[in-house]
2 protein chains.
Amino acid sequence: MPTVSIREVALQAGVSVGTVSNALNSPEKVAEATLQRVQQAIESLGYVRNDAARQLRAGTSRSIGFIVLDVANPFFTDVARGAQAASAEVGLNVLLGTSDHDPAKELAYLDLFEQQRVQGVLFTPIDTDAEGLDRLHRRGVPIVLVDHPTEDPRFCSVAVDDVAGGEMAVRHLLEQGRRRIVMLAGPPGIRQVAQRTEGARRAVAAVPDARLEVLPTPSLTVLEGRAAGAALADRAPQDQPDAVFAANDLLAVGCLQGLSLMGRPRRREPVALIGYDDIDFASATVVPLSSIRQPKELLGRTAVELLLAQVAGGPGARAVHHVFQPELVVRESSTRGV
Amino acid sequence: MPTVSIREVALQAGVSVGTVSNALNSPEKVAEATLQRVQQAIESLGYVRNDAARQLRAGTSRSIGFIVLDVANPFFTDVARGAQAASAEVGLNVLLGTSDHDPAKELAYLDLFEQQRVQGVLFTPIDTDAEGLDRLHRRGVPIVLVDHPTEDPRFCSVAVDDVAGGEMAVRHLLEQGRRRIVMLAGPPGIRQVAQRTEGARRAVAAVPDARLEVLPTPSLTVLEGRAAGAALADRAPQDQPDAVFAANDLLAVGCLQGLSLMGRPRRREPVALIGYDDIDFASATVVPLSSIRQPKELLGRTAVELLLAQVAGGPGARAVHHVFQPELVVRESSTRGV
DNA sequence: CCCTCTTGTTGAATCGTTTCACGGGTGTGT
DNA sequence: ACACACCCGTGAAACGATTCAACAAGAGGG
């Protein structure tokens, strides 16, 4: 209860405050005997460092901010986990905020982070031209854009090549001998979705007799996928696809359910199915789901590393843009079909 | 770049630092004209408050800490969301930490929170007798235990009645006419699981010809549930249960898959299935899953409210223990069966 | 004209830590 | 004995905001 500061510790140990501080921060500068007395005083008084005072003195905090689009999305949770692990290794901690696609919340978190004097900000922006981005940059706060490819020379960025991922997914379906492919594409406004679609188109263009039908859905949820799957299963036999590429795993899981629940009696052949993201649940579905894996934790790690490089390099450091390649994970849904 | 403090603002506006501070914190004490000059100076210099300095002066921060067992578990994510929302309403923000069932990480976060001088801590402890708990309490830090029922007069707590939930689930199965019930019980060491099992026993005891078989599983995951479901389906007909109560929804989802994937040919009647938690995914399975819903966000909200009451009431405040009642959610898995 | 009240503003003290220039010892080499 | 380097430890000056006693300037009442 009685607020115990470094001053009380010094008094108790019979040394000056400077020495206590040294004992804590550079023990090698303090004689062994003194060190022990200080340690003991700390123990007996139950002293706890005051972080606010350290920060005030240091001018900067020991944390970084991270704003994601949606904490409920397992993709972002995993990226955050990677960032958290990498930060912990160098003694930083991560303040996690979620914008929920709301520019106001995005700004509110940026404000908070500025007031906390974070070392830097990891940021999955809603729009590239967020006004908050400019502001932070003018103030010289290091920034790394996450899952947001850009050529902007002002910011570093880390992202995964979604065009390549889309192409990879559809090429795999084509290699299974499939030719009539449907893509469940989600909302066209989302950048990631648009790029995956573009990749799918490229893959199909390389095979003369292949056809791609792009089917937008209102959202990227299990329920939408299920409705879409049921609708596909309900089609006349000659209109049915022989393969489906879903823009993310939630859609794919739903589609799998829709196809097998309502469609079985009318279907003549199994449909090859592949999703995107390789969330944990993908391997646990009734028919294990093929998917495109993104290096989620690595993304978070790398983002932190780039941020630290910027902190170290000062404002003169060049922006680095890191694009990772996704990876095909083949399970039964695309080979045996569903 | 040039660090701009309240001092520069004062200079630019031609007033004293005290006045700038007043303009920010108690605008009503400052003349309109002065206010405007200060505002303008702030704008033109791009001044941002330094939170560390405020905290140092105030002696406490504007945040609370929250340690959960596992951020990857949707249950805790939802509780955290509720806490975050409630905190935001009173201008607090939540520092979220995850112990991952590791006492060392738990302690590390408690240390961090202490150094940050948080207003209080929401805490889902691994053990009740965590040493960190004692320490915090001795220092007078307000604490609310979350999802951890206790009679301990030192701490407030919020929880959901797991005995009632278990009883509710099994009573529902009995009301469907089922009599040979299996409980997939997860690891017996987990308190929540033990209490749900206890509830199940009570429900069965009330019906003379009903039988309960408790089947522990090594963990509460989809994969374990699947294995268990497959094993059940493989049993000889006379040994098969006519209903299954899974200790959480992940187990239930797996069990559903195990039963329908491998068991169909040998089974003579559908099995009624019910889970626990009512995670988002429950309504989206092939056969929609009946479950026991916990008021997750409300739990988080209430925890924050109790914490604030403690902060306001000082150390003399009495500990309050809040136990919520769970709610039965009936879907097809328990009526039509799987 | 004096006194009191109100309204705005000031300047200094304070929070707890880190840092750094300085100094008293002790030992070493010459 | 002298110079030199080390090793430990000291004490005061920041860091940036808040708070509070004190005060200046009018306004109004008597």
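The basis for the numbers below is simple: all heavy atoms, side chains too, and nothing from hydrogens, waters or symmetry mates. Nothing here was measured: the structure is a model prediction, and the numbers come from that model. Each chain gets a letter, A, B and so on, in the order the sequences are listed, and its residues count up from 1.
One interatomic measurement links the two molecules: CD of B:Q115 to P of C:dT17, which rounds to 10 Å at whole-angstrom precision. When the P atom of D:dT19 is taken as reference, atom CG of B:L24 falls 12 Å away, rounded to whole Å. If you take CG of B:L11 and P of C:dG11, they are 12 Å apart, rounded to a whole angstrom.
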For nucleotides 6-16 of chain D, read 5' to 3', which letter fits each nucleotide if B means a protein heavy atom sits under 4.0 Å from the base, S means only the sugar-phosphate is that close, and - means neither?
--SSBB--BBB
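Note on B:D51: nothing from the nucleic acid sits closer than 4.0 angstrom, heavy atoms only.
To the nearest 0.5 Å, the span separating CZ on A:R49 from CG on B:L112 amounts to 12.5 Å.
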For residues 150-160 of chain A, run the donor-acceptor check on the side chains, cut-off 3.5 Å, and write out each pair with its distance to 0.1 Å, sequence neighbours left out.
unit_1 : atom_1 : unit_2 : atom_2 : d
A:T150 : OG1    : A:D152 : N      : 2.9
A:D152 : OD1    : A:R154 : N      : 2.9
A:D152 : OD1    : A:R154 : NE     : 3.1
A:D152 : OD2    : A:R154 : NE     : 3.4
A:D152 : OD2    : A:R154 : NH2    : 3.0
A:R154 : NH1    : A:D134 : OD1    : 2.8
A:S157 : OG     : A:H321 : ND1    : 2.8

Mind listing the side-chain donor-acceptor pairs of residues 87-98 of chain B below 3.5 Å, one per line with the distance, residues two or more places apart or on another chain?
unit_1 : atom_1 : unit_2 : atom_2 : d
B:S87  : OG     : B:A83  : O      : 2.7
B:E89  : OE2    : B:R301 : NH2    : 2.9
B:T98  : OG1    : B:V71  : N      : 3.3
B:T98  : OG1    : B:D100 : OD1    : 3.2

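Under 4.0 angstrom from either OP1 or OP2 of D:dT18 there lies at least one side-chain N or O belonging to B:N25.
Annotation for B:R7: atom CZ does not count as buried by contact number, only 12 or fewer foreign heavy atoms lying within 6.0 Å.
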Chi angles and distances behind the side-chain contact (heavy atoms from CB on, under 4.5 Å) call for A:V144, A:Q310:
CA-CA 9 Å; A:V144 175; A:Q310 260 186 91; 3.8 Å; yes
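B:R191 has a carboxylate O that lies under 4.0 Å from a charged side-chain N of B:D162, or vice versa, which qualifies the two as a salt bridge.
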